[in-house]
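These notes are about the structure you will find just below.
Throughout, protein chains are lettered first and strands after them, A, B, ... in sequence-line order, and every chain is numbered starting at 1. A quick note: this is a predicted structure, and the numbers were derived from the prediction, not measured.
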Amino acid sequence: MPYDHRAIEQKWQQQWAADGLYRSRVDWDKPKHYALTMLPYPSGELHMGHWYAVAPSDARARYMRMKGYNVLFPMGFDAFGLPAENAAIQRGIHPPTWTYANIDRMRAGFKAMGTMFDWEREAVSCDPSYYRWSQWFFKKLLEAGLAYRGEAVVNWSPTLQTVLANEQVIDGKDERTGQPVVQKTMAQWFYAMTKYAQELLNYDGLDWPDPVRLMQTNWIGRSEGADVVFTTEHGDELEVFTTRPDTLWGATFMVLAPEHPLVDSLTTDDQRAEVAAYKEATARRSEVERMEAERDKTGVFTGGYAINPVNDARIPVWIADYVLLTYGSGAIMAVPAHDQRDFEFARQFGLTIAPVIQPSGEAPLQEPEMTEAYVGPGTMVDSGPITGIETNTEKGRKNPSIAATIDWLEENSRGREAVNYRVRDWLISRQRYWGSPIPVVYQDSGDYEVVPDEDLPVVLPDDVDFQQGSGNPLNWHEGFLNTVDSEGEPARRETDTLDTFMCSSWYQLRYLSPDNEDAPFDPDEAAYWLPVDVYTGGSEHATLHLLYTRFFTKALRDMGLYDDTAEAMRRHGRDPDGLFDEPMLLYRSQGQILGEERAGDTVVVDGVRQDGRVVADRVTVNPSAGPGDGLAVGEIVRRTENVLQVAAGEEIVTVEVPDTATVEIPGIPGENDVNQLKHHLEVQRMSKSRGNVVDPNDLVEQYGADTVRTYLMFAYDWEKGGPWDSRGIVGARRFLDDVWKLATTEYAADSPDGESSASLRRLVHQTRAKVDRDMAAFKWNTAVAALMGLRNELQSIARDGSVDPDAWTEAVESLLLLLAPIAPFITEELWRARGNDGSVHVQSWPEADADLARELSVTMVVQVNGKVRDRVEVPADIAEDEAIDRAMASERVQTYLEGGEPKKVIARPPKLVNIVV
RNA sequence: GCCGGGAUGGCGGAACGGUAGACGCGACGGACUCAAAAUCCGUUGUCCGAAAGGGCGUGUGGGUUCGAAUCCCACUCCCGGUACCA
């Protein structure tokens, strides 16, 4: 009976559904395990990246189930977002139509993948029954003072009169029209995430990868220092945050962000034109560009002055784009002698540089000889009350000069100790249609009111017209816009929608009771399942999504939204203390599957040169063509629609291929067109626009889902990812073919012997231990490799019949059980075909017996000066003396010793002895 | 720019500071076959050597150590994030 993956996978998909094998229900008598993997955006079909993320997570959930846990492993869809609107605009498909069709395809894909998702717990974020609660949470946050209306800049396209996503802006221009984009300030909604900045720095009790914690810690960016109040000449207060208040006496100018509110009043009439021009230029730059330290410093003098509160010095106020309004107070005091960026700025514009630290034991700093800012330790000079105090490189109060300055500032009411965070409040407004409406109405007075609970959700209207204008169609949907406030007075609805990160900040709660109409989640379910025990997802989410969801959990806790859950926990004897501080206890991230590298076609182009490019009338694919065979000859390195970039020798030639041109591709029969020309692909992220997508459906059809799962888990270090290789998959299929044969062929014990049987049992129990360890640690590739190793051994035993039947059966059934989480279909079929009762997936995990796994003899390496010179078989429990004797007895070692005594011997029995001569 | 990660045979990848290259792909040789595919058996880092054996070898340059792919310092290139892609 051959291995027919199509029949088997169909059969078990249906049988499992019919048996309800993957329903997960609260059972207080069993330990729970909430396994969660990031919900996908429904972009179309499942692609290789989804398989790579989800199949191992599914294997992990199955493993935990076999380990005896009651496992909850749900799936849903993060269904609001930009691509649906793009489809609407470009192809005229309505966002919900497009989205729900994609969800149907992807759900079917996950079933074909063999996942153990409990589909009765599915949650879809664009469904009104879901976003009703997103809106409700917004209300709660607003009532708790954690949501507020503020101002923020957006990418504004003056041509389209619309707000663009960062992704839609390429090099300061709109990607579709090529027209410039400017930064524009708008009133928008925020969550006060900075209130939780300090708590978010704490990872106690969390098993999260160090790099993720580091990135989040850096993202939050805590710095200690002081707030110091300067005054303008008009008497306006101008507060700055500084980490080096001790250098206040060296502040020779101030720099404000160009958007700072005091810029206009500070600017003198002669500087007004220049300042206005600079502000406009800044509006065209992105934040990343502004922060590039390598760039030449730019800036403009406002003409205004400020008074330094420590010495009443009158210092000029400049504006420069390297100061951001979003960090600190949007203004800095500049100490060019001791800050490199300020130093460069001062040199660029000829501003005063005044050293206030003298390095210890070095020549004193002197102007104008300084070539860079001095940031080392020393003694404070020319600094009024703190002159003579030592300074080191410590931050905050640990630095004596800073501590002294803070004390002085506070005593004299000129400033105070302060902590500043780089992290900003969470901007949740999106000027988009395809998102959850923000449940707010605006009265004629300009005041706003929240929509009452009984009117939630504010439903997103279906009848919108994307063609009528550009941007958010809610802006001119009269039926949506016009409403009344609580007094029955006319009011206008908020047309901004919620950031989709908000939907994904609480979805783990909705899975607990997706149909609940009374609350976002059922406290009785939550009491059992929360918190998430294992979370998996892409490393690209390390800062944004993972910080947002941590913030959200803490906010919910503080708003008392877990109180009922805690109560239910107590009823069941579970201590709720600390269980609502963090959403996910353990997190692991997987890498990305990149596209397969591919050479482009070598083409011969004939046509005419025109405006620096070639307009082709004939393009012929010819791998052996050389220079001179046509107007342009070479590999296609890039193709965008009908424009080719051809690498003709050193030069890249742009070739336009009009409809009238002839395209000849010898490998493809019939009439050819420009779309069939292959261009060079680098190893890079798979995406439709790059044309390097590998469709898993084709592979499932050809090899089966089990093979695709096994291959994806085998071929990469899961946390790293790597480029797709279409050839390697046959190895995974061969492995499953071999497993099939081993489990279905009658074993003939022709010449059983005790030693071979014990040796096989040793390997089986070593493999059990290895796979157990690897699966616990998400090391899928080495787990599969260990199973392949067992396969190899069983194949050789099948040939010589050297073990007794019991040892054989134990080995084969161990192989099936250990493989079950990875390849659920074939193992289920084989398990039952061998006459076992019940599903392989509800069996107990085959635990290793340490005694049976213990190795009796070991190959000991004998090194001379760290180089391997001999190997000897020794008992695994060999003593150190004995190991050294055995090593010294080696003839090979003796030739290196040349009769002398070793200088030193390092013994690490039973693996190694190193003899130094 | 800034933050985080990575680099090991022809390829994907293994290796508690202790035998570098497990496992797989590919390639090569052989068996089976009229032949091919599939399958099975074997070889496969590289150089010198008939062999025994030896030299070299984990992105680059230095360092620590009896011993470094692994730890430290400096660099190069690649990937992810950079707050409106999700």
In whole Å, what separates the P atom of B:G10 from that of B:A27?
-> 16 Å
Please confirm whether any donor atom in the side chain of A:Q592 sits under 3.5 Å from an acceptor in the base of B:C79, or the reverse.
-> no
Could you tell me whether A:R430 and A:E85 have a side-chain N and a carboxylate O separated by less than 4.0 Å?
-> no
Contact class for A:F735 vs. all strands (heavy atom < 4.0 Å): base, sugar-phosphate, or nothing?
-> nothing
In terms of base orientation, is B:G9 syn or anti, with the syn window spanning 90° either side of 0?
-> syn
Going 5' to 3' through nucleotides 3-15 of chain B, assign each nucleotide B (protein heavy atom under 4.0 Å from a base atom), S (under 4.0 Å only from sugar-phosphate atoms) or - (no protein heavy atom that close).
-> SSS-S----BSSS
Heavy-atom contacts, protein to nucleotides 65-75 of chain B, under 4.0 Å, summarised as B (base), S (sugar-phosphate only) or - (none) per nt, yield -B---------
Taking B:C23, B:C84, B:G81 as options, the one with an atom nearest any side-chain atom of A:T543 is B:G81
Can a donor-acceptor pair be found between the side chains of A:D738 and A:Y3 at a distance below 3.5 Å?
-> no
Base, sugar-phosphate, or nothing for A:R733, non-hydrogen atoms under 4.0 angstrom?
-> nothing
Could you check whether A:K867 gets within reach of a base, just the sugar-phosphate, or nothing at all, counting any heavy atom under 4.0 Å?
-> sugar-phosphate
Residues A:T859 and A:E873: side-chain donor-acceptor under 3.5 angstrom = yes
Taking the side chain of A:R422 as heavy atoms from C-beta outward, which of B:C84, B:A83, B:U19 is closest to it?
-> B:A83
Indicate, with yes or no, if the rings of A:Y716 and A:Y52 have centres closer together than 6.0 Å.
-> yes
Dot-bracket encoding of pairs in RNA chain B, which uses [ ] for pseudoknotted crossings and | for another strand, Watson-Crick or G-U under 3.5 angstrom | (((((((..(((.....[....)))((((((.......))))))((((....))))..(((((..]....))))))))))))....
With a 3.5 Å cut-off and no angle check, do the side chains of A:S134 and A:W506 form a donor-acceptor pair?
-> yes
So what does A:G81 touch, heavy atoms closer than 4.0 Å: a base, only the sugar-phosphate, or nothing?
-> sugar-phosphate
What about A:Q188: does its side chain form a donor-acceptor pair under 3.5 Å with the base of B:C84?
-> yes
With a non-hydrogen cut-off below 4.0 angstrom, is A:R734 in contact with a base, only sugar-phosphate, or nothing?
-> sugar-phosphate
